[in-house]
Amino acid sequence: MRIGELARRTGVSERSLRYYEAEGLLSAERTSGGHRVYGEWAVDRVVRIQTLYAAGLNSQKIAQLLPCMRDADGRPNEIATPKLVHELTAQRDRINRMITDLIRSREVLDEVIDTASHSAAAGPA
């Protein structure tokens, strides 16, 4: 598929896809006219890249991580170094802390909304 089709199917801009290629996160074959052509596998790869960016990882860390993820046949790829595992564990812990903080924030908002709703229902004092 061409870059426009990959962009449409993943919701990622063509510019971002070119950036991913420049960063070594994504690769493409080239037609005789120089156009990028991607295999079906590229859709899953782009979705993974987006997920890892959303988790707060930078392109350098993603480039280290992608080869360690499951291969296309579903078997694990075992090239992760102990250092990478440690760094990824730290990232996961950071995400867990963020989730905990967000849950606390939601609970506070729920309390305020509940209190305000009861006050509004009671009418002016």
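Sequence positions, counted from 1, serve as the residue numbers for this chain. All values below were derived from every heavy atom in this structure, side-chain atoms included, with hydrogens, water molecules and symmetry-related copies excluded.
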Problem set entry | Side-chain heavy atoms of Met1 within contact of Val37, under 4.5 Å | no
Exercise. What distance do Ile49 atom CD1 and Glu23 atom CD have between them, rounded to the nearest 0.5 Å?
Worked result: 10.5 Å
Exercise. Given side chains that start at C-beta, do those of Arg36 and Glu21 come closer than 4.5 Å, heavy atoms only?
Worked result: yes
Exercise. Okay, side chain of Arg94, backbone of Thr89: is any donor-acceptor separation there less than 3.5 Å?
Worked result: no
Exercise. Is any side-chain heavy atom of Leu66 less than 4.5 Å from a side-chain heavy atom of Arg45?
Worked result: yes
Exercise. Could you give the distance from CG (Leu25) to OH (Tyr20), rounded to the nearest 0.5 Å?
Worked result: 8.0 Å
Problem set entry | From Ile95 atom CD1 to Leu102 atom CG, the distance as rounded to the nearest 0.5 Å | 11.5 Å
Exercise. Going by an N to O cut-off under 4.0 Å, is there a salt bridge joining Glu40 and Arg9?
Worked result: yes
Exercise. Given the rule in the side-chain contact (heavy atoms from CB on, under 4.5 Å) test, do Lys61 and Gln91 qualify, once you have shown the distances and angles that lead to the verdict?
Worked result: CA-CA 11 Å; Lys61 189 61 60 191; Gln91 287 290 335; 5.6 Å; no
Exercise. When clusters are formed by joining ILVMFWY residues with side-chain heavy atoms under 4.5 Å apart, either directly or through shared neighbours, do Trp41 and Ile62 land in the same one?
Worked result: yes
Exercise. Do Ser59 and Tyr19 come within less than 4.5 Å of each other through their side chains, counting heavy atoms only?
Worked result: yes
Exercise. Do the charged groups of Glu107 and Arg104 touch, with an N to O distance under 4.0 Å?
Worked result: no
Exercise. Does the side chain of Tyr38 come within less than 4.5 Å of Val43's, by heavy atoms?
Worked result: no
Exercise. Is any side-chain heavy atom of Arg48 less than 4.5 Å from a side-chain heavy atom of Tyr53?
Worked result: no
For this session: Would you indicate whether the side-chain heavy atoms of His35 and Arg30 approach each other to under 4.5 Å?
Result: no
Exercise. Between the main-chain N or O of Val12 and the side-chain N or O of Ser16, is there a donor-acceptor pair closer than 3.5 Å?
Worked result: no
Exercise. Looking at Arg2 and Glu29, does any basic side-chain N land under 4.0 Å from a carboxylate oxygen?
Worked result: no
For this session: Using the rule that two of Ile, Leu, Val, Met, Phe, Trp, Tyr join whenever any of their side-chain heavy atoms come within less than 4.5 Å, decide whether Val108 and Ile99 are in one cluster.
Result: no
Exercise. Can you name the nearest heavy-atom pair linking Ser13 to Ala7, along with the distance?
Worked result: C-CB, 4.3 Å
Exercise. Are side-chain heavy atoms of Leu88 and Leu57 found at a separation under 4.5 Å?
Worked result: yes
Exercise. Do Leu109 and Ile103 share a hydrophobic cluster (ILVMFWY, side-chain heavy atoms under 4.5 Å, transitive)?
Worked result: no
